[in-house]
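Beneath this line is the structure, given in structure tokens, with notes to follow.
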Amino acid sequence: MILRFSIRTGPLLALIAAFLLSLVAISPGYAIEPIKIARDDVALDLSGAVQIYRNQGQNFQVSTAPGPDGIVRRIEVEANDARSSGDWGVFALANTTDQQIDRLIVAPHFRLVNSGIFWPDLGSSRIAAITPSEGFALDRQVSQDADVFQVTLDPGAVVTFIAELASPRLPQVYLWAPEAYKDSVNSYTLYRGIVIGIAGLLALFLTILFVVKGTSMFPATAALSWAVLAYICVDFGFVNEVIDIAPGNQQIWRAGTEVALAATFVVFLFAYLNLNRWHGHFSYGALLWIAGLLLIAGVAVVDPAVAAGIARVSFAATAVVGLGLIVMLGFRGYDRAIMLVPSWVMVLAWLTASWMAITGVLNNDIVQPALGGGLILIILLIGFTVIQHAFAGGALHQGLFSDLERQALAVVGSGDTVWDWDVLRDRVTTRPDVSAQLGLPPNSLGGPARNWLPVLHADDRDSFRTTLDVVLEHRRGRVIQNFRLRGADGHYHWFSLRARPVVGSDGEVIRCVGTLVDVTEQKKSEERLLHDAVHDNLTGLPNRELFLTRLDAIISVAKTEQSVRPTVLIIDIDRFKQVNDGLGISAGDTILLTIARRLHRLIKPSDALSRFSGDQFAFMLLSEQDPARIAAFADSIKQAIRAPVNFAKREIVLTASIGLVSWTAAQGAATDMVKDAELAMQQAKRFGGDRIEPFRPAFRSVGTDRVQLESDLHRAVERKELTLVYQPIVRLEDRSVAGFEALLRWDHPRRGAIPPSDFIPVAETSGLIVQLGLFAMQRAAEDLAGWQKQIGDTPLSVSVNLSSRQLLRRDLVSDVRSVVARANIKPICFRLELTESLVMDNPEQSAHVLNKLKKLGIGLSIDDFGTGYSSLSYLTRFPFDTIKIDKSFLDDPSPKRAVLLKSMVNMAHELGMSVVAEGISDERDALELRQMGCEYVQSYMFGAPIQSDAVLRMLKEQYPVVQA
């Protein structure tokens with residue numbers, strides 16, 4: 001330091017300056033008031049007397065306190081310490097005695113009092129140097145915890161001290177008598193050593209306990225005790241004695257221990273209360289909290305004040321959250337939470353005292369050591385609580401319980417409610433109170449047993465009363481009963497009571513004690529299982545078994561009541577498998593639900609609807625007895641199913657085959673009625689579906705006939721019993737024969753002629769249709785070749801019908817090519833006919849196969865045009881060259897018939913197709929069709945189906961014979 005007086009001019013100017021300085025000194029606003037010191041003053045607090053000057057730079061000028069002569073001097077001080085912050089502190093001391101006084105100026109590095117919550121002051125070197133206005137420079141004394149300077153004041157001297165500050169804050173400055181300061185340091189050292197020793201022993205003991213027990217509660221407590229020990233060692237300056245810590249790193253150590261204390265406090269609270277057992281969110285919250293504190297520990301290296309502030313807030317938040325958890329779990333009867341109450345009260349008290357200290361409400365030197373000791377007391381109490389858990393329940397492991405205690409523990413462990421009826425006092429007690437479970441006022445079911453009767457279900461009251469009376473009367477037995485109790489919300493809860501009487505010395509029942517268990521969920525499960533056993537899982541409708549049971553009951557009534565005549569209807573959705581295959585099973589389920597809802601709307605309260613299988617439903621009709629009304633009801637079912645179903649932006653139209661049978665006295669059981677209705681339904685499907693078929697006794701032999709028919713059909717192919725007949729296709733213009741349609745016939749050796757409507761479906765299902773189709777193509781091509789050889793090269797064609805199995809075969813194209821080549825006919829003369837439904841069953845595959853057939857040069861005709869799919873887009877997608885108008889359009893008596901026929905003919909011509917009209921019955925129709933532009937007709941009016949030799953005779957009459 002360099003001390004300079006500011007008066008450097010001549011004598012006159014010096015006198016003027018002295019005069020001006022005396023005037024300034026006289027002014028009270030600028031004078032420094034000195035602190036008067038007596039010999040008996042052991043310790044003086046100079047904190048309030050120090051005047052702080054901020055941002056004064058390296059050179060600082062100040063006026064001194066008035067000396068004994070009353071003169072105020074102006075001095076200038078220059079900083080020469082690298083730790084100087086540019087801030088200065090000024091105070092003055094006055095020795096009022098006649099003796100020399102030695103004192104110590106002490107500025108502690110860290111002081112918890114008034115350190116602050118956010119961005120706290122974590123301590124540092126406070127004073128770099130002190131310069132007196134007179135006398136020698138002050139000597140710095142060696143100290144790890146404070147800046148200590150020794151000062152000597154002469155008798156009557158008034159000295160102004162300029163302190164060069166090493167940090168912006170100067171929390172406290174004391175003036176100590178040397179011996180008194182030494183005694184104070186020694187006393188605090190002893191206290192701190194005792195506290196650190198207790199903390200170390202406690203941390204070591206809890207660590208040993210963790211090794212012995214190993215549960216999560218003990219390592220968490222041990223970690224908290226070690227964090228407290230680390231905090232106290234840093235706070236009491238013990239770490240500085242063990243480790244050489246640089247002056248700038250003390251703040252990092254202090255912030256780190258505060259973060260560790262906050263983190264282990266969270267871990268202890270979570271582990272001790274075992275919060276993960278209550279809810280998974282507690283685990284996530286604790287993990288996030290601890291992870292955040294660990295990140296803050298990294299921040300402590302960069303900004304210790306921020307880390308320490310967050311740690312202090314976290315510690316306080318943990319204490320508050322812990323209080324809420326302890327209160328909540330304590331009300332639930334959790335013993336750990338209850339036992340932690342004393343420790344947490346101390347935590348809250350310690351937290352309150354700490355808050356008062358760091359905010360400056362408590363301001364004395366013993367607050368900081370006292371808080372350190374209080375922290376040890378908290379850990380000590382927590383340790384006792386943990387030890388109690390560690391060694392509690394020893395008798396459980398030693399097996400010292402009596403049978404009565406063991407039974408009591410078993411009841412408590414099972415969670416059952418204890419039901420106790422004191423017969424002598426007529427008082428029923430339940431523990432825990434079952435009234436709370438029902439939402440009723442507390443103890444509303446206590447008292448006399450009759451209090452239970454109003455709450456019991458009406459069907460259970462007599463049984464409950466009778467059971468208790470029987471026990472009292474017979475003085476033995478057991479009470480095993482299930483009953484329902486009404487809750488406050490009006491819903492009933494099922495309970496199972498298991499109790500037995502206690503007989504007194506006089507042989508009378510004095511008590512009845514047992515357990516009461518809520519079995520509501522069990523009963524609901526049983527009801528669900530029972531419902532699922534007799535109901536369909538998808539639609540919720542009764543299944544086949546329940547339907548038959550109900551039908552049996554109705555039949556038993558019908559045998560005695562003339563007014564009861566049940567009718568059974570079996571409904572099967574036609575071609576529903578194609579819906580599942582094309583749209584998926586989930587779409588099929590959705591459609592079935594829609595159909596079930598439509599059918600359910602048709603039934604009346606006396607009727608019943610059931611789902612038998614995948615796409616099969618059953619009706620039991622009791623509301624209608626008249627046959628005409630039963631037929632109308634069946635038709636309404638048919639129309640309900642035919643209504644389009646909207647799914648995935650498309651309309652799906654379904655049809656149903658319905659079989660029905662009405663009860664007669666000859667029918668014995670429900671299974672017989674259902675079997676007859678199913679036979680009628682199967683017959684409806686054989687006739688093409690989309691129809692209602694009443695049961696006829698002849699249907700019972702259809703199944704066996706079908707099996708025999710299939711066997712005979714196999715032999716028919718081998719024995720060549722199948723033949724072809726040909727129906728002419730005639731030109732309307734000149735009535736000449738343009739071609740023939742080949743039709744398959746079977747002449748059975750025993751049954752005679754069997755129509756195609758009987759054996760073609762059998763061939764389809766048995767797989768023989770492919771063999772029959774190949775036979776028809778070969779025979780028709782050979783016959784056509786023979787006719788052309790006889791009549792010459794005339795425009796003549798032959799058409800063969802194609803089945804669905806043939807269309808989907810990969811070898812179809814090669815088969816047709818082989819047939820045409822073997823017969824040596826022109827491909828244009830050979831035609832294949834397909835129905836709309838057949839093509840649209842698999843449009844992609846159909847388009848692929850038909851395009852290949854068209855490349856061979858053969859003709860393709862669409863049969864039964866207008867009776868299948870409503871969409872006409874297939875006419876442009878598939879390479880047809882001829883359409884055959886179905887007979888139903890010609891038989892239509894409505895006035896729109898002509899418009900519709902003309903539209904179809906014109907449409908075909910616009911698409912480049914020719915038209916064949918089927919089923920013409922009179923000349924008027926032929927003339928009308930010719931005027932519309934129709935080219936060909938095919939009907940019995942122009943020729944019935946004939947054999948091949950008859951065809952040849954017909955052709956020879958029409959065309960001249962060509963000579964070889």
Side-chain angles (χ1 to χ4, degrees), residues 459 482 484 492 494 520-561 563-573 576 580 585 588-625 630 633-634 636-638 640-641 656-682 684-685 692-695:
D459 297 339
N482 293 337
R484 287 158 287 183
Y492 283 92
W494 277 95
T520 304
E521 292 301 324
Q522 178 182 342
K523 284 291 184 180
K524 288 182 178 179
S525 299
E526 292 175 359
E527 292 173 359
R528 283 195 296 269
L529 289 174
L530 181 60
H531 181 274
D532 293 343
V534 294
H535 287 80
D536 175 55
N537 291 331
L538 177 63
T539 61
L541 296 174
N543 62 10
R544 187 186 188 97
E545 288 74 16
L546 184 56
F547 183 86
L548 291 173
T549 301
R550 292 178 176 176
L551 183 58
D552 268 327
I554 294 298
I555 290 175
S556 63
V557 175
K559 292 178 180 179
T560 58
E561 295 288 341
S563 61
V564 177
R565 288 294 180 268
T567 299
V568 175
L569 298 93
I570 303 296
I571 305 108
D572 189 272
I573 310 301
F576 189 76
N580 279 336
I585 295 177
D589 290 345
T590 303
I591 294 172
L592 284 176
L593 282 172
T594 303
I595 293 175
R597 285 194 292 267
R598 290 179 180 177
L599 296 179
H600 195 271
R601 296 190 193 104
L602 300 177
I603 66 174
K604 296 180 180 179
S606 58
D607 303 332
L609 173 64
S610 173
R611 184 188 180 202
F612 272 16
S613 61
D615 60 344
Q616 194 173 102
F617 296 86
F619 264 105
M620 181 170 60
L621 186 64
L622 293 174
S623 58
E624 302 294 347
Q625 305 290 330
I630 293 175
F633 180 80
S636 65
I637 294 176
K638 180 181 174 183
I641 296 175
S657 299
I658 303 174
L660 65 87
V661 59
S662 295
W663 182 82
T664 60
Q667 292 170 326
T671 54
D672 296 333
M673 285 192 69
V674 170
K675 189 178 297 183
D676 291 344
E678 287 177 336
L679 289 174
M681 179 270 295
Q682 291 169 4
K685 295 188 79 68
I692 303 166
E693 194 69 34
F695 171 75

Straight-line distance of [X] [atom1] to [Y] [atom2], nearest 0.5 Å:
X      : Y      : atom1 : atom2 : answer
Trp494 : Gln522 : CH2   : CD    : 11.0 Å
Ile637 : Ile603 : CD1   : CD1   : 10.5 Å
Arg611 : Ser613 : CZ    : OG    : 7.5 Å
Ile630 : Ser623 : CD1   : OG    : 9.0 Å
Leu569 : Ile658 : CG    : CD1   : 7.0 Å
Leu609 : Leu541 : CG    : CG    : 4.5 Å

So which heavy atom on [X] is nearest to which on [Y], and how close?
X      : Y      : value
Pro566 : Met673 : O-CE, 3.8 Å
Phe619 : Phe547 : O-CZ, 3.7 Å
His535 : Asn543 : N-ND2, 3.8 Å
Ile571 : Ala656 : CG2-CB, 3.8 Å

With a 4.5 Å limit on heavy-atom distance, are the side chains of [X] and [Y] in contact?
X      : Y      : value
Gln682 : Glu693 : no
Phe695 : Leu660 : no
Thr567 : Val661 : no
Arg550 : Met620 : yes

Report yes or no: does [X] contribute a side-chain atom to a donor-acceptor pair with the main-chain N or O of [Y] at less than 3.5 Å?
X      : Y      : answer
Ser556 : Ala553 : yes
Ser610 : Pro542 : yes
Asp572 : Ser657 : no
Arg565 : Trp663 : no
Asp589 : Leu592 : no
Ser606 : Leu622 : no

Exercise for the section: Would you sort out whether Glu624 and Lys604 count as a side chain to side chain contact (heavy atoms under 4.5 Å, CB included), showing the intermediate values? Expected result: CA-CA 10 Å; Glu624 302 294 347; Lys604 296 180 180 179; 3.5 Å; yes
Exercise for the section: Scan side-chain atoms only and decide if Thr549 and Asp552 contain a donor-acceptor pair under the 3.5 Å cut-off. Expected result: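 The criterion, which ignores hydrogens and geometry beyond distance, is not satisfied for Asp552 and Thr549.
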Practice task
Would you sort out whether Val568 and Ile570 count as a side chain to side chain contact (heavy atoms under 4.5 Å, CB included), showing the intermediate values?
Solution key: CA-CA 7 Å; Val568 175; Ile570 303 296; 4.1 Å; yes
Problem - Lys/Arg-Asp/Glu bridge criterion (N-O < 4.0 Å) met for Glu678, Lys685 - result: no
Handout entry: More than 12 heavy atoms of other groups within 6.0 Å of Leu602 CG
Key = yes
Problem - Centroid separation Phe612 to Phe617 less than 6.0 Å - result: no
